[in-house]
4 protein chains.
Amino acid sequence: MVDGHGRGRPRSESARAAVLHAVDDLLVEVGYAALTMKGIAERAGVGRQTVYRWWSSKAEVLYEASVLDARQELSVPRSDDPRKDVEAYLDALVAFLARSHAGAAYRALMGEAQHDPDVAALLASRDILGESAADVVDAARAACGTALSSEQATALLIGPAFFHVLSGRDVDGIDTTALAEQFMRVLEAP
Amino acid sequence: MVDGHGRGRPRSESARAAVLHAVDDLLVEVGYAALTMKGIAERAGVGRQTVYRWWSSKAEVLYEASVLDARQELSVPRSDDPRKDVEAYLDALVAFLARSHAGAAYRALMGEAQHDPDVAALLASRDILGESAADVVDAARAACGTALSSEQATALLIGPAFFHVLSGRDVDGIDTTALAEQFMRVLEAP
Amino acid sequence: MVDGHGRGRPRSESARAAVLHAVDDLLVEVGYAALTMKGIAERAGVGRQTVYRWWSSKAEVLYEASVLDARQELSVPRSDDPRKDVEAYLDALVAFLARSHAGAAYRALMGEAQHDPDVAALLASRDILGESAADVVDAARAACGTALSSEQATALLIGPAFFHVLSGRDVDGIDTTALAEQFMRVLEAP
Amino acid sequence: MVDGHGRGRPRSESARAAVLHAVDDLLVEVGYAALTMKGIAERAGVGRQTVYRWWSSKAEVLYEASVLDARQELSVPRSDDPRKDVEAYLDALVAFLARSHAGAAYRALMGEAQHDPDVAALLASRDILGESAADVVDAARAACGTALSSEQATALLIGPAFFHVLSGRDVDGIDTTALAEQFMRVLEAP
DNA sequence: GTATAAGCGAGACGGTACGTCTTGTCTTGGC
DNA sequence: GCCAAGACAAGACGTACCGTCTCGCTTATAC
């Protein structure tokens, strides 16, 4: 009992992995609406109670399955040029939101959060987009000496692309170079 | 057969109104997730078939019931000062997205659109936010002689506030005056 | 609306028949313990709600499916000789309890009634065995001028065979001629 | 290894007693239908595996917990008057079947035996009712010089009361004096 | 005025996911 | 090797909603 899980059979790591794998597959195959706890359990070859024991909703499973991927996809290397970093980040953001597997999960959860307080709380527990942008935003703010708060700058950076994708506009119409330039212009204002 | 509906009993306007009224009430009372076609029909005192006859999903009913009202909430009077108009529009936008009844319906549908192509098509059939911003955006563009396209400017105007609200951030933290200024600064760039 | 079922789609007689047929088949195939509402519905090609709508438990379905058969199997023609009628009834009773399809259902329900008050009430609503014996019992009582009440005579007639079968004794060891003679001897007592 | 249990920790007598005690309590509190192996284990403060290790079903636990006690409830002292002994036995039988704690367990198992061959075999392994009646039946048979076999006489003695109780008839309506007289009359027949 | 036709409320239909429950087994650490 | 704890796969429970259907009734136009 070194790991504090008390007595009894320990949690099956293989069952956990099978569930997370299954939910990943199913999201692509059937979409979020047709994703069900029953379907996840059956696809994972796992009892339904086992899924309910560790996750309380399909949103929670999806969140755990995708959040790690999301953080990785949204991390971009830093360079000496803040403007270039901003543009690279915007490229990664658009790729994530519009084309990535994990991004589809994120959009589904963000959507669900609009009418389910539990999902909203889940997403709020980890501000995936905000965190991913924090480094590049702070570097740009420091370089420009702007008066904008970190939160204002983050919304300014992410907002336009976020709105573009979530409102269903054509993703190819996004000019990240221009977005980066606009962002820097605001930060450089006296 | 003056109105082209052929023979047979004409559609009941009172049933239509009862359904739209019921869906409005129910959204507030039980939320989008618990909104069901069955519940709408029962609340409206209407047969379920009658609801299905005219709308194919709860999203369609909600769209007709609430979202179309959004346009009036988002229309702001024009003045001679584009900057003031931009700020007034942003105030209306934030009030709509974060505090309005119709805005809650809009956010629910926008969320649903992230994983339901039918709802996405429904929302795409009329770009409510983009249309509402068109006048003020075009006026500002004309006044500043910017190189930004209408679509770029729209995303720049709406995006930050949109992201702020949909990502669950504190609504009171939105400074529309600052957002308007940032927007104008980008448009005024050489 | 002549038959009082009010408005709405009328009950499907084919669904009712399919359920009763299915429960009959399943009792034989899988036994009472493995009989489930889910199984009945699936076997009948019927929604589960449809079964629950008209019967509240597997016991009720089984009761409705078997009671008519039971009454028919237990009815014996009357003759002029009460002793012969008594013996004929006992033959029918033993055949029903020990060898009949409907009798298996009856024994299952009688067993369930020992620990389920709802099933007990269901069986009490129609005293199948008592009713079936009433004619022959009353005729014998009239012929003998006994002091035994109808209920006493019924228990005396049915009891020994009933106990023999339900306690798991060998059915072939039942001598209905002897049982009939014993019964008549008690009735003929001064 | 003097007591034949081989190596390893010996069976815990306290666990065994706790299980039997728990099943006794639970039968009264929740009834047979709601009695579960899980519930028994939890009530006894015992692992589920421990219950399964020594009994294979709730019927077996119940049998060991209650039904074996039945023998003492059904044993009546012998006198010189077979008729009085018969009546005393019938009084004990009715009290057991209809009012005793152990009798409730017996009726539950008898019922279960009607649709579960394992339970039927369990009950058949020891003919509790028949054994309890053997002495009084044999004494009466000897005193009367009847032609009835032991099995026939047993069914005649027990059957009417057994049927009366198990068919849900009013227990207070049983006249054991009359039943004893009827039984003796048949035995005394030429 | 009398068909004909379509809409209406009601509610049953077959289907299927929900979240909970019990089953019997398995896997820990502790005694 | 037994024990308590508790996770495991399996699958039934009874409820809810899905979208469709079938009723009798109502309300129109068309003949």
Side-chain angles (χ1 to χ4, degrees), chain A residues 1-3 5-12 14-16 34-39 41-42 44-54 56-58, chain B residues 1-3 5-12 14-16 34-39 41-42 44-54 56-58, chain C residues 1-2 5-12 14-16 18 34-39 41-42 44-54 56-58, chain D residues 5-12 14-15 34-39 41-42 44-54 56-58:
Chain A
M1 195 186 138
V2 287
D3 52 0
H5 67 61
R7 285 194 288 180
R9 183 176 181 173
R11 176 173 184 182
S12 161
S14 69
R16 175 178 174 275
L35 199 60
T36 67
M37 291 294 260
K38 182 172 186 284
E42 286 173 357
V46 141
R48 294 167 61 183
Q49 190 69 229
T50 297
V51 184
Y52 280 108
R53 187 157 22 234
W54 304 111
S56 64
S57 67
K58 64 177 180 178
Chain B
M1 189 184 148
V2 287
D3 52 0
H5 65 61
R7 284 200 295 177
R9 181 176 183 172
R11 175 174 185 181
S12 161
S14 69
R16 177 178 174 275
L35 200 60
T36 66
M37 291 295 259
K38 182 172 183 285
E42 286 173 358
V46 142
R48 294 166 63 184
Q49 191 67 234
T50 299
V51 184
Y52 279 108
R53 185 149 32 226
W54 304 112
S56 65
S57 66
K58 65 176 179 179
Chain C
M1 196 185 137
V2 288
H5 67 60
R7 286 192 288 179
R9 182 177 182 171
R11 177 173 184 182
S12 161
S14 69
R16 176 178 173 276
L35 199 60
T36 65
M37 291 293 259
K38 182 173 186 284
E42 286 172 359
V46 140
R48 294 168 61 184
Q49 190 68 227
T50 298
V51 184
Y52 281 109
R53 184 151 31 228
W54 303 110
S56 65
S57 66
K58 64 177 180 178
Chain D
H5 67 61
R7 284 196 299 173
R9 182 175 179 173
R11 176 174 183 180
S12 159
S14 69
L35 202 60
T36 66
M37 292 294 260
K38 182 173 184 285
E42 286 173 357
V46 141
R48 295 168 61 187
Q49 191 66 235
T50 299
V51 184
Y52 280 108
R53 185 150 30 228
W54 303 112
S56 66
S57 66
K58 66 177 179 178

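Lettering of chains follows the sequences in order, A, B, ..., and the numbering in each one begins at 1.
Among the nucleotides E/dG14, E/dG7, E/dA5, the one closest to any side-chain atom of B/R7 is E/dA5. Side-chain proximity of D/V46 to E/dG7, F/dA4, E/dG9: nearest is F/dA4.
With DNA chain E read from its 5' end, the first of the two nearest nucleotides for C/S12 and B/R11 is the one closest to B/R11.
Distance CD (C/E42) to P (E/dA17): 12 Å, rounded to an integer number of Å. With rounding to whole Å, A/R16 atom CZ is found 16 Å from F/dA7 atom P.
By the side-chain hydrogen bond (donor to acceptor under 3.5 Å, both in side chains) test, A/S56 is found to be paired with A/E60, residues two or more places apart in sequence or in another chain being considered. The side-chain contact (heavy atoms from CB on, under 4.5 Å) check on C/S12 picks up C/S14, C/A15, with sequence neighbours excluded.
A close approach under 4.0 Å does not occur between any side-chain nitrogen or oxygen of C/W54 and OP1 or OP2 of E/dG11. Contact annotation: C/T50 side-chain N/O to E/dA12 OP1/OP2 distance is not under 4.0 Å.
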> If the sugar-phosphate is the primed atoms plus P, OP1 and OP2 and the base is the rest, what is the B/S/- string for nucleotides 15-22 of chain F, using protein heavy atoms under 4.0 Å?
Replying inline: BBSBBBBB
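Note: A/R16 CZ to A/W54 CH2 = 10.5 Å, rounded to the nearest 0.5 Å. If you take CE on C/M37 and CZ on C/R48, they are separated by 9.0 Å, rounding to the nearest 0.5 Å.
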